[in-house]
Amino acid sequence: MVRSALRVVLLALAFAIATLVLGWWTVPVIGAAWGLVDREDRAAAMIAASAAVLGWGALLLWDASYAAFGTLARRMGGVFSAPAAVVVIATLLLAAALAWGAAVLGGAAWPRPQRRN
Amino acid sequence: VRRFARPLLGAAVLALALVVAATRVGPLPPLGALLDPARGAWALARTAELPRTATATIPGLHAGVDVRYDDRGVPHIFAKTPDDAYRALGYVVARDRLFQLDVQTRAAAGTLTEMLGKRLADVDLETRRQGMPWSARRKLALLDSASDAGRAFRAYADGINAWIDAMPPAALPLEYRLVGARPAHWSPINTIHLLNRMALTLSFQTEDLDRLAAEALVGRVAADALWPLNNPIQEPIQPVERRGPTVDRSRLPPPGQPDSGSLLALASIRRELATSTRDASSDDELAIGSNNWAVAPQNTRDGHALLAGDPHLDLTLPSIWYEAHLVVPGVMDVYGVTLPGAPWVIIGFNRDIAWSLTNTGSDVVDFYRETVDDSVRPSRYLLDGRWLSLEREVDTLRGPGSRVIAVDTILFNHRGPLTRQQGRWLSLRWLALEPSADLDVFPRAARSRSADEFMDAFAPFAGPAQNTLVADRGGTIAIRSTGKMPIRPGDGLGTRIRDGSTRASDWRGFLPISAYPFSRNPRQGYLASANQQPMDPRASAAYFGANWFPPWRALRINQLLRADWSVTPEAMRRFQTDPGSPRADVFVPEILAAVQRVERSGRGDSLLHRAAALLSEWDRRYTRDNERAVLFERTMSERAARTWDELRPSGSAERVWTPPSSTLYRLLADSGSAWWDDRSTANTRERRDDIVTASLRAALTKTIDAHGDPAAGGWRWSRVQQANIYHLLRIPALSALDLPVQGGPVTLSPSQGRGTEGASWRMVVELGPTVRAWGTYPGGQSGNPASVRYTDRLPQWLSGELSPLLTPTMADSLGRQHTSAVLSLSPRR
């Protein structure tokens with residue numbers, strides 16, 4: 001359990017740093033890589049999605065530590081004709097979808113090692 | 001199947017996520033870059049406010065520049081040379097208003113499609129066909145790069161580009177993210193584009209074509225009477241030796257026979273060019289205008305000259321203005337508002353003088369009917385019996401990514417661009433398109449030490465002509481309508497489309513400056529302008545223009561200033577949002593008198609009686625809480641529809657043009673005029689009182705339909721008329737809408753129509769031993785919608801309050817308590 005949590009946190013850190021340094025497109029890249037590396041684990045995609053949400057969530061928290069975040073969220077919500085919270089949730093869902101989909105494909109792209117009985 | 005289900009689902013989810021993340025889906029921008037929490041739109045929360053301290057380098061800077069932002073977000077720029085000050089100004093404007101700089105310039109350059117796509121192709125094509133980018137290129141080619149203006153434009157561009165190059169990804173404005181664009185580098189021609197755009201707003205008047213349309217319906221004599229060269233109510237800018245306005249209420253000639261044939265064909269031209277709304281009580285009440293006035297020391301409480309100015313323009317977010325203070329010791333110390341995109345203070349003050357501008361509205365646009373060799377694809381035009389070649393410019397309209405959207409061919413002759421309207425070719429001569437040597441006037445004027453010096457510095461200003469009002473610490477006040485005014489052949493008027501086949505139709509030159517309307521230290525002790533006719537026609541026969549703005553604001557300023565012999569800065573501030581209305585003062589009694597006459601003759605009824613009773617309760621002030629202005633305005637609209645039905649072509653619901661309310665005032669003196677007759681009632685000939693009372697009855701019925709019972713609160717002015725300040729992209733979430741304001745049509749702080757125009761800057765300056773000033777504008781210094789400075793001045797603007805403007809002489813004298821941020825700029829090594 002602790003090990004799984006640690007994997008999520010470390011992967012979240014990777015998502016956050018890569019997004020910070022290179023941009024959003026690193027999420028599916030890292031997600032695919034994770035799916036490939038952890039292809040033995042059927043929960044690999046869920047771990048990737050959770051980590052992406054956590055990583056982007058941390059970055060959003062950093063943004064939210066600035067007073068202007070509330071105004072910005074309201075304006076963004078207005079632009080999309082949606083409540084501010086919906087835009088925040090959409091942000092996290094986008095990260096989750098990119099990471100999950102890429103991890104599933106990453107895991108399927110390479111044959112899973114045969115289990116030894 | 002189960003083996004492939006999960007990968008297929010994964011592929012589908014990833015594909016969908018990638019599509020919305022990386023591409024535009026319908027109106028949605030690519031969401032990946034937009035929602036990226038590290039460098040996407042969310043990151044704007046981190047850059048919304050200026051950091052307490054920052055440093056930057058700008059190439060070309062000669063020495064360090066200290067920028068101190070005060071607690072209103074105004075940068076005070078302390079530089080060693082003017083060029084360095086302009087570099088710093090470019091940098092700070094770009095830092096606060098980058099998207100605005102870009103989009104405003106594109107609008108004037110006809111390149112909006114490159115950023116916003118092909119839906120703006122018609123707008124860009126219109127801009128290009130008006131010759132604006134063509135003109136900007138000609139002006140740039142003639143600009144001496146070593147001149148003050150040339151150096152200032154270059155320095156300003158350096159500053160903007162330094163910010164673009166150094167801008168962290170997180171600071172990319174939200175609008176770029178929404179439209180999926182990037183800022184382009186700034187070039188000095190962009191400043192010329194911006195000035196051209198301002199000229200378009202202030203001087204591109206197509207009333208020649210409106211007049212033609214009216215002539216086609218009611219004949220030339222009647223049209224000339226409805227839209228006279230001289231306003232029937234005169235309270236000119238250049239004062240005359242009498243107290244109060246003069247009024248001409250002589251009888252109007254009746255509608256004449258419609259002019260037919262070619263006139264009707266030409267009349268349709270205006271359909272394509274005119275943009276104003278036609279359902280108001282009169283077009284002049286929809287016009288953008290401005291106020292400025294100055295009071296001489298003998299009329300002020302403290303014995304110091306006072307000056308106030310409030311230009312009325314489109315209200316936008318971010319605001320059209322950017323406030324700044326530029327200090328170059330021994331050379332320049334000027335405070336005021338700049339247009340983002342131009343390096344100068346346009347309206348402001350220094351340590352000795354203050355100045356403000358209103359638009360003169362002089363006629364600097366003429367159309368000419370051209371004779372061409374081919375009605376579809378002409379290559380030559382006829383001039384004095386000779387065929388001359390047309391200049392041909394093939395213009396390519398590009399969309400995002402440089403893909404070609406449209407190719408257009410624009411023709412020019414010696415007058416300007418040609419347009420084809422209803423099979424006829426018209427050329428346009430418009431002063432604003434012509435190169436001039438006036439680009440240095442603003443910095444020179446800003447360095448003036450006295451009102452006289454200011455007037456000398458401003459003298460070469462080409463246009464669009466401005467009523468330049470100045471006051472100095474010595475107590476001098478002066479005003480001059482400054483700008484080139486064409487001398488035309490023949491009758492000298494610019495109200496007709498001229499024959500383009502002869503040079504004899506061309507302008508003969510320009511009026512000498514001695515002919516400009518001017519006044520200095522008049523006996524009345526004040527000067528005021530509100531876009532009214534600048535000079536009493538009995539004082540000068542020179543033609544400055546026609547179709548002057550309505551006189552109502554001018555009358556009100558004059559009323560207020562005549563009544564106050566001890567004016568204070570506080571009174572000046574109060575006047576700027578005064579809710580009084582000479583228009584209502586004139587028309588309400590006329591309406592009520594008509595009701596009395598009708599009731600006395602036994603033709604009254606309960607509806608009319610009730611309407612009159614409600615209207616008579618009004619104090620004729622457009623306060624937010626008043627509940628009767630709505631009935632008056634509705635009555636005026638109804639009355640316009642009934643009175644000017646002759647100006648509605650058969651089968652059309654719209655009038656081709658609506659006479660000004662001052663013409664209506666003149667008509668009201670003639671109870672039996674043929675204009676009162678309603679054409680739709682064949683066997684009845686209506687008279688004045690029939691129309692006025694029918695309008696009032698209809699107004700009451702319609703007002704109740706629209707706003708409920710008068711006692712239910714729905715008639716409150718704040719619920720009927722609001723200011724609407726739209727974001728430049730008209731995105732409601734980034735706009736400030738439905739704002740209750742004090743003021744109505746043609747009050748000193750006007751609010752009319754859709755409420756999208758109004759006082760864009762308010763300033764009061766006291767020219768005492770130490771100059772003191774107050775000001776505000778609707779919006780805020782920042783263009784970042786997340787910033788508190790995006791709209792922080794709105795409450796103050798709505799309430800008519802002003803902030804003291806700080807004018808530190810040195811960087812350190814601003815004081816810690818007033819310093820919100822510090823920016824240190826240094827040369828790039």
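In what follows, chains are A, B, ... by sequence order, proteins preceding strands, each numbered from 1. Values below: every heavy atom of this structure, side chains too, minus hydrogens, waters and symmetry copies.
Only the backbone of B/Ser735 has a heavy atom closer than 4.5 Å to any heavy atom of chain A. Residue contact with chain A, scored on non-hydrogen atoms closer than 4.5 Å, is absent for B/Ala15. In this structure, the portion of A/Leu105 lying under 4.5 Å from any heavy atom of chain B is its side chain and not its backbone. Contacts between B/Arg46 and chain A at a heavy-atom distance below 4.5 Å involve backbone atoms as well as side-chain atoms. Within the 4.5 angstrom heavy-atom criterion, only side-chain atoms of A/Trp100, from C-beta onward, approach chain B. With a 4.5 angstrom heavy-atom cutoff, B/Leu8 does not touch chain A via any of its atoms. Contact of A/Val27 with chain B is not made at all, since no heavy-atom distance falls under 4.5 Å. Using a 4.5 Å cut-off between heavy atoms, A/Ala16 does not touch chain B at all. For A/Leu92, no part lies under 4.5 angstrom from a heavy atom of chain B. Of the atoms belonging to B/Leu9, heavy atoms from both backbone and side chain fall under 4.5 Å from chain A. Proximity to chain A (any heavy atom under 4.5 Å) is shown, for B/Pro785, by both the backbone and the side chain. If you measure heavy-atom distances from B/Pro29 to chain A, the contacts under 4.5 Å come from the side chain alone.
A salt bridge links B/Glu114 with B/Arg106: the closest approach of a Lys/Arg side-chain nitrogen to an acidic carboxylate oxygen falls below 4.0 angstrom.
Proximity of B/Tyr726 to B/Ile731: side-chain heavy atoms (C-beta onward) are nowhere separated by under 4.5 Å.
Between B/His727 and B/Phe99, the ring-plane angle classifies as parallel under the 30° and 60° cut-offs.
Taking the ring centre of B/Tyr322 as origin, the terminal cationic atom of B/Arg97 falls outside the region bounded by 6.0 Å and 45° from the ring axis.
When the heavy atoms of residues 4-13 of chain A are compared with those of chain B, none of the residues falls under 4.5 Å. Taking 4.5 Å as the heavy-atom cut-off, none of the residues of residues 47-54 of chain A approach chain B.
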